[in-house]
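In this chain, residues are counted from 1 in sequence order.
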Amino acid sequence: MSDPATPPRSLAEDLRVRDDASLTVLLRSRPDLITPVPTDLTQLATRAGTRASVVRALERLDRFALQTAEALAVAADPATYDELLALMAGDEGDPAVTGALPHALGTLREQALVWGADDRLRLVRTARELLTPSPQHPSPTGLGPTVQEATAGMSPGRIQEIVTTAGLPSTHDAVSAVSALTALFTDRTRMTALLADAPEESREVLARLVWGPPYGQVTADPAARLRWLLDRGLLLPTAPGTVVLPREVALYLRSGRAHRATEPLPPPVEPASTHGPQVVDTTAAGQAYTALATVEELLKDWHEGGPAVLRAGGLSVRDLKRTAVALDVPEPVAAFWTELAYAAGLLASDGEADERFAATPAYDEWLEQPAAERWARLAESWLAATRTAGVVGGRDAKDRTLSALGPGLDRSAAPEVRHRVLTLLAGLPQGASPAPESVLARLRWERPLRGPQRDDDLRARLARWTLNEAELLGVTGRGALSAHGRALLGAPEAGPGGKPGGRGRSSGPSATGPTAATTHDTTPAGPVAATPSATATGPGDKLPVHHEHPSPAGPPEPLSAAEQAVASAAAARLLAPLLPEPLDHVLLQADLTAVAPGPLRRPLADTLGVLADVESKGGATVYRFTPGSVRRALDAGRSASDLHAFLAEHSRTPVPQPLAYLIDDVARRHGHLRVGAASAYVRCDDDAVLNEILADKRAAGLRLRRLAPTVLAAQADPAGLLEGLRAMGFAPAAESAEGDVLITRADAHRTPPRSAPEPVPDGPPTPDATLLAAAVRAIRAGDLASTTPRKPSGAATAMTGGELPRTTPAETLATMQAAVLTGESLWIGYVNAEGSASQRVIAPVRVEGGFVTAYDHTADEVRTYPLHRITGVAELADDQI
């Protein structure tokens, strides 16, 4: 076991002296470390140092924490806290950096990227390799190699010439010469005197290289200004024709700063405009109602089977355009609504041979829910979806067009960005809408390694799409987060003055500036990072007083499924009073139109949608009655008397005479002709009507011929024959093979039961508290078994660290039986039924029937083990259990 008073010599030893709370924070912030759960702390440390895991951890650092890691990568190994502070704050010092550095260093320690006490800080080797400057991988600091690294291939004679020209005494070997040159460049007084004699042109060369890149090109015969620098080692050759500014010289010219501009505090999210909270909520509620109506209109249009599914999957460009025209929205917005319906499980492919998109059975259940609950389901699905409508129309890695509802639209960062953008909006005063560029700047600060710092990088585009989609969906109103949008996030209720406060989950630091930057219990970088228990390596280690400065907390954790369900229900309750009440009446007008002054109740809206065509939408919806729409109602099984009764019941005005005549006229002719399958046929009791059809030139394309006085046969299919006759002004009705009239309904086609698409996670999911507690317990148990001292025994095969003990079955049985009598604990190797090996510390209670029953110290419970699965056994040293 490690002695807590001894400084750790490795990351494993550093983890071994941490408490369970610190290990829990590490595993929560880096969930890939417990996939699967490590057997002990040595394996955990090894996994924490792998390249893939370190890259993932670095990508999730904010800009200042990453700058701190970059500074450690160019510092000595190990470095002291004061050396790190000097690199971050410079010679003049920066109070903001001084106050924020303890939190950044605590974050790096929590995530096992840095270990050791403040007098021996070490960056994990893999992180140092990734962040250390090199010609192939320049550091964001703009620093080059040290004098020692740059002179590694230089001849000793040339090094002595540089030392002499720089005014230093010659030495007996190259190592001491390099040390003397390094000491000169790190001595501020002597460097000032050396550069005081430099020509102005030489100082200009240094000024061009000081902030990077530190490399330059020279000719075989350098100019005088370059020769002066080369002779004194202020520029050192690294390759033929290439020189570099040594790191020590650059740091002197930078006044000790590793970065040109350190960013210790996140940039504030600036409000662009402010509206009254009631205006924001009502605007958002109106848009939420429009969102519901749009999704319903989309799926109603696809009731009888929507567009065909492309062979590669998804919606064709032509069908997307048609959908956009039907919804009266631009194509990108139409793609958003179709993807939203798909994410909510309301839309899917039917799986037929002629595969088409259609509504799912879940859509019918969704329609029966109250409007606010329907909206909450859409909003919750949008918040968690990884499918991103904004990339529709772009190109994938194989230069194929990305289509709506097709493959390749998942962007695993989308849920995190949506949640974070809305959380930043929640940090503004109520009614305040943000300046989009300030939101993007904040996101770039929080995840600087997530992509190139361009306006078109994915994270920036996701943020812009989030702001637009939140407005379309009614989560925001006039750009500001609504009350029900705030509830959807589980954000705290607004306190006095419109500031976020009261109850609810912590939403991290205030988005309005650094004044509210404090640590929170709900964030991974919580108070554990700022307390000695999380960072000290022993009782004797003292954290300096500057560790008590307040520092910004990280982004909040996402809600769990149960918490999100509660938040969605709360959002629905807040939205419900703001939505308009459905009406049970319309206003019929003499020009064959009906005006719905507001949203209609479900049965009325469904029937009127069949009986009339929507002519215009807005605050009031205008329906127009046409012969085609009336025929559609008759096809759905309604009679003329049913339609008259329906209109009389639901109209606040008398039924106009033209509308009554229209219904009676269409009904009188409806079904006079019958169309069925032969390929197709037309039958009518009035042979004069059939004669009229045959004589009409428009019927030539149907290729009709008379089979009997009352029957015509056609080469067209029944659907085509129906449409052709209707285009000629007739009103035929379709019939079945038995001769019965077919009743067609707009909602006849549904897909088989379908589940909503699963989001594609961005790495392993964040483990819950139960899993974290179990993982820490298992790691501690395995570590106890692997590090507990054991008595030397001739029976046990010699072992190296981490290997299982090996004894013969007879020796294992004898040792077990002796331990039952003496009550001693043993160290065993065990292989379970799946072949997984582990080490355990047990106290045998009973040995019989080929099994040993023992109290397992590693599991803290009594267990029974088959003796044939025990690889070996060894006695523990005295006073270990």
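- A salt bridge links Arg632 to Asp613: one of the charged nitrogens lies within less than 4.0 Å of a carboxylate oxygen.
- Between Glu416 and Arg459, at least one side-chain N (NZ, or NE/NH1/NH2) sits under 4.0 Å from a carboxylate O, which counts as a salt bridge.
- Judged purely by distance below 3.5 Å, without hydrogens or angles, the side chains of Thr751 and Thr360 never pair a donor atom with an acceptor atom.
- Annotation: the span from Leu378 atom CG to Leu346 atom CG amounts to 6.5 Å, rounded to 0.5 Å.
- Put simply, the side chain of Arg754 gets close to the backbone of Ser349: a donor and an acceptor are under 3.5 Å apart.
- Shown here are the salt bridge (charged side-chain N to carboxylate O under 4.0 Å, His left out) partners of Arg356, two or more places apart in sequence or in another chain: Asp354.
- Using a 4.5 Å heavy-atom threshold, the side chains of Ser403 and Val317 count as separate.
- Side-chain N or O atoms of Arg28 include none that pairs as donor or acceptor with a backbone N or O of Pro767 at under 3.5 Å.
- Residues that satisfy the side chain to side chain contact (heavy atoms under 4.5 Å, CB included) test with Ser641, not counting sequence neighbours, are Ser639.
- Without hydrogens or angle criteria, Ser629 side chain to Leu611 main chain gives a donor-acceptor distance under 3.5 Å.
- Listed by chain and number, the residues in a salt bridge (charged side-chain N to carboxylate O under 4.0 Å, His left out) with Arg573 amount to none (sequence neighbours excluded).
- Listed for the Arg486 side chain is a donor-acceptor partner under 3.5 Å among the backbone atoms of Ala426.
- Between Asp410 and Thr386, the side chains place a donor N or O and an acceptor N or O closer than 3.5 Å (distance only, hydrogens not considered).
- For the pair Glu296 and Arg374, the salt-bridge criterion is met [side-chain N within less than 4.0 Å of a carboxylate O].
- A donor-acceptor contact shorter than 3.5 Å is absent between the side chain of Arg631 and the backbone of Ala733.
- Looking at residues two or more places apart in sequence or on another chain, you find a salt bridge (charged side-chain N to carboxylate O under 4.0 Å, His left out) between Asp396 and Arg400.
- Sequence neighbours left out, the pairs with a member in residues 592-650 that pass ring-ring contact (aromatic ring centres under 6.0 Å, His included) are Phe646-His650.
- Contacts of Glu297 classified as salt bridge (charged side-chain N to carboxylate O under 4.0 Å, His left out), with partners at least two apart in sequence or in another chain: Lys617.
- With sequence neighbours excluded, the residues forming a side chain to side chain contact (heavy atoms under 4.5 Å, CB included) with Gln278 are Thr282, listed by chain and number.
- Pro658 pairs by the side chain to side chain contact (heavy atoms under 4.5 Å, CB included) definition with Leu592, Pro656, not counting sequence neighbours.
- The backbone N or O of Val391 lies less than 3.5 Å from no partner atom in the side chain of Arg411, so there is not a single donor-acceptor pair.
- Using modelled atom types, one side-chain atom of Gln564 and one backbone atom of Leu488 make a donor-acceptor pair closer than 3.5 Å.
- If you take CG on Leu443 and CG on Leu462, they are separated by 9.5 Å, rounding to the nearest 0.5 Å.
- Under the 3.5 Å distance criterion, the side-chain polar atoms of Thr388 are left unmatched by any main-chain donor or acceptor of Gly390.
- Counting only heavy atoms from C-beta outward, the side chains of Leu315 and Val309 never approach each other to under 4.5 Å.
- Applying the side chain to side chain contact (heavy atoms under 4.5 Å, CB included) test to Pro764 and every residue at least two apart in sequence or in another chain returns Pro31, Asp32, Thr35, Arg56.
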Taking only distance into account, with no hydrogens and no angle test, what donor-acceptor pairs under 3.5 Å do side-chain atoms of residues 583-590 form with protein atoms, sequence neighbours excluded?
{"residue": "His585", "atom": "ND1", "partner": "Arg652", "partner atom": "NH2", "Å": "3.4"}
{"residue": "Gln589", "atom": "NE2", "partner": "Thr593", "partner atom": "OG1", "Å": "3.0"}

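- Not a single ring-ring contact (aromatic ring centres under 6.0 Å, His included) links Trp337 to another residue, sequence neighbours left out.
- The main-chain N or O of Ser482 is never found under 3.5 Å from a side-chain atom of Asp281 such that the two would form a donor-acceptor pair.
- Under a 3.5 Å cut-off, the side chain of Thr338 and the backbone N or O of Ala335 do form a donor-acceptor pair.
- Applying the salt bridge (charged side-chain N to carboxylate O under 4.0 Å, His left out) test to every pair with at least one member in residues 322-342, sequence neighbours left out, gives these pairs: Asp319-Arg322, Glu339-Arg387.
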Test log, rule side-chain hydrogen bond (donor to acceptor under 3.5 Å, both in side chains), inputs Glu563 and Ser560: CA-CA 5 Å; Glu563 290 172 331; Ser560 66; 3.3 Å; yes
